[in-house]
Amino acid sequence: MSPDTGFHALEDGEAQIGCGPLIQSYESTPRSLRMQVFDRVRAAGLISRADLAKDLGVSPASVTSVVSELIETGMVHEVATPKREGESNRGRPPVALGVRPEAGYVAGLKLSDHRHAAIITDFAGNTIAEAEIRHGVLQQETEMVIRDVVRLLDDALGQAGLTQTDLSAIGLGLPGVVDSATGQVMWSPLMREQGIALGPTLEELLGRPVRVDNDANLVTLAELWFGAGRARSDFAVVTIEHGVGMGVVINHRLYRGAMGLGLEIGHTKVQLDGALCRCGQRGCLEAYVADYALVREATTALNWGNRGVQSQHILLESLYDHAKAGNQSARAIFKRAGRYLALGLANIVNLFDPALILLSGERMRYDYLYAEEVLAAMRDMTLETNRPAPVVEIRAWGDQVWARGAAALALDTATEIALRPEAV
Ligand SMILES: [Zn+2]
């Protein structure tokens, strides 16, 4: 065994011990039957015990026993369903199972460069309240960010008629590089300091479990839990906001990479020695497609040298207005960004073969970014296989959807805590 690499080179005649993947973490093993039953009930909305057993491929007896446990702990309840046509009126009314909404509440929060949004949902995923605060500050002190989070959370809770102690978990998303396993924000355009243990700090302050993730993962979770991704096993989401982000679902699960830091599509290189990116490197996709890249181009092409004090948001809107009004320089800037986006999308198709790519974010109102010629350029750069290209859909969604993804993250966390073997 080499101490440097851990690689074990077999000597001549030495037999390998065992074969097959060595799964060490319970996380990668199948979910317990209790989890599977609960997940299935929540996904179905209402489902009978018989259908549950059929869907999960287990005996009705084992479903019945797990369901009894879940009913006893108040996670699931029985709901009388109306009789279907042709069903006899005799016998007991048909009963379906559903998640008991008041089994718990969670909060989802999304921080962004101009607006923070929050949502409160019950355990069945129904929205109870929404709140938002506007601000316009990048690179805030950590203390200020935490103060905003508490203010936003209290606002949303007030509207829901709940208090912090009613929350089973809190999900929080923000742009940047986030290690979701530890709640560390390695880097975010919203925070001045780097490597901040935001999750643990908030957990201590609020006394509730807090999960932190990057905003692209949240919008992917929103699609997986509430949107077009529910019925897809494999899909990708590309977000164009302050930066360019990406989330990938593989086999109905969010893919997080070995250290939770993967899928930084915005920093994959599309040009050697290309445009300077805010990460400090050159030629990143983001340096051609993100807001700051468009504003940087506009500053030169449209002679905006004297508009330095205006916010990026206003400058971008102004660029879009110019393009709509027929300004050729403004149009050329969007077109160029669209070509680079096509290149990034083609790379995603060649790497992941997703059935669906969702382009999401407030900026997707800028139709030049997803014009037919952009999608055609994407198809031109993917491998020719005579099979249809993946479906590309546009989501010009606002911050509340991202907050919903944060609520999904919180629901996932709350469910895992509630269904731990020792908790039931
Ligand atoms: Zn970069």
Side-chain angles (χ1 to χ4, degrees), residues 27 29-60 62-71 73-81 84 94-106 108 119-128 168-169 171 211 213 217-237 247-256 354-356 358 393 395 401 403-420 423-424:
E27 249 185 27
T29 57
R31 290 161 87 75
S32 68
L33 184 60
R34 189 189 291 129
M35 279 281 193
Q36 289 182 49
V37 166
F38 186 80
D39 284 350
R40 188 79 199 117
V41 171
R42 178 153 56 196
L46 287 175
I47 190 168
S48 70
R49 286 175 173 83
D51 285 345
L52 256 180
K54 205 164 70 188
D55 288 358
L56 297 174
V58 294
S59 74
S62 38
V63 161
T64 300
S65 115
V66 170
V67 164
S68 304
E69 278 176 33
L70 291 171
I71 291 177
T73 53
M75 303 277 290
V76 161
H77 63 175
E78 288 184 317
V79 181
T81 55
R84 277 175 293 201
V95 163
L97 303 162
V99 168
R100 205 169 69 87
E102 53 290 358
Y105 298 92
V106 300
I119 207 167
I120 308 281
T121 81
D122 63 27
F123 229 59
N126 303 307
T127 301
I128 306 291
S168 305
R211 285 281 300 279
D213 211 334
N217 276 347
L218 291 191
V219 81
T220 309
L221 277 176
E223 290 288 357
L224 181 63
W225 278 63
F226 303 106
R230 288 191 67 201
R232 305 271 188 175
S233 61
D234 301 83
F235 68 95
V237 174
V248 163
V249 165
I250 295 175
N251 198 16
H252 302 283
R253 304 270 298 198
L254 190 65
Y255 176 78
R256 290 185 184 281
L356 170 73
L358 296 161
E393 284 182 18
R395 290 281 190 277
V401 173
R404 246 187 146 191
L409 182 69
L411 275 175
D412 196 35
T413 306
T415 308
E416 267 179 28
I417 294 170
L419 296 182
R420 268 182 202 148
V424 176

Contacts table for residues 227-236: side-chain donor-acceptor under 3.5 angstrom, sequence neighbours left out:
residue : atom : partner : partner atom : Å
R230    : NH2  : A43     : O            : 2.7
D234    : OD2  : N251    : N            : 3.4

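- Residues meeting the side-chain hydrogen bond (donor to acceptor under 3.5 Å, both in side chains) test with S168, sequence neighbours left out: none.
- Judged as a side-chain contact (heavy atoms from CB on, under 4.5 Å), and not counting sequence neighbours, the contacts of L46 are V79, T81, A96.
- To the nearest 0.5 Å, atoms OG (S65) and CZ (R34) are separated by 9.0 Å.
- A heavy-atom distance below 4.5 Å is found between the side chains of R404 and T127.
- Under a cut-off of 6.0 angstrom, the local environment of OH in Y255 is sparse, with at most 12 non-hydrogen atoms contributed by other residues, nucleotides or ligands.
- Looking at residues two or more places apart in sequence or on another chain, you find a side-chain hydrogen bond (donor to acceptor under 3.5 Å, both in side chains) between R40 and D55.
- No side-chain heavy atom of V248 sits under 4.5 Å from any side-chain heavy atom of T220.
- Between V63 and A53, the shortest heavy-atom distance links the atoms CG2-CA, 3.7 Å.
- In terms of heavy atoms, A403 sits closest to I119 at O-CG2, 3.5 Å.
- Residues T415 and L411 approach most closely at OG1-O, 2.5 Å, considering heavy atoms.
- What you find for G125 and F226 is that their closest heavy atoms are O-CE2, 3.8 Å.
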Item to check | Worked verdict on E78 versus L97 for side chain to side chain contact (heavy atoms under 4.5 Å, CB included) | outcome: CA-CA 5 Å; E78 288 184 317; L97 303 162; 4.0 Å; yes
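- With sequence neighbours left out, A406 forms a side-chain contact (heavy atoms from CB on, under 4.5 Å) with L218.
- Heavy-atom minimum distance, V106 versus A410: CB-CB, 3.6 Å.
- F123 approaches M75 most closely through the heavy-atom pair CE2-CE, 3.6 Å.
- Among residues two or more places apart in sequence or in another chain, the side-chain hydrogen bond (donor to acceptor under 3.5 Å, both in side chains) test is passed with N126 by D122.
- Residues satisfying the salt bridge (charged side-chain N to carboxylate O under 4.0 Å, His left out) test with R42, not counting sequence neighbours, are none.
- Annotation: the span from R211 atom CZ to E416 atom CD amounts to 7.0 Å, rounded to 0.5 Å.
- Counting only heavy atoms from C-beta outward, the side chains of P101 and H77 approach each other to under 4.5 Å.
- For D412, there are no side-chain hydrogen bond (donor to acceptor under 3.5 Å, both in side chains) partners two or more places apart in sequence or in a different chain.
- When each of T73, L70, D39, V37 is paired with L419, the side-chain contact (heavy atoms from CB on, under 4.5 Å) condition holds for L70 and for no other.
- Contacts of S48 classified as side-chain contact (heavy atoms from CB on, under 4.5 Å), with partners at least two apart in sequence or in another chain: A50, D51.
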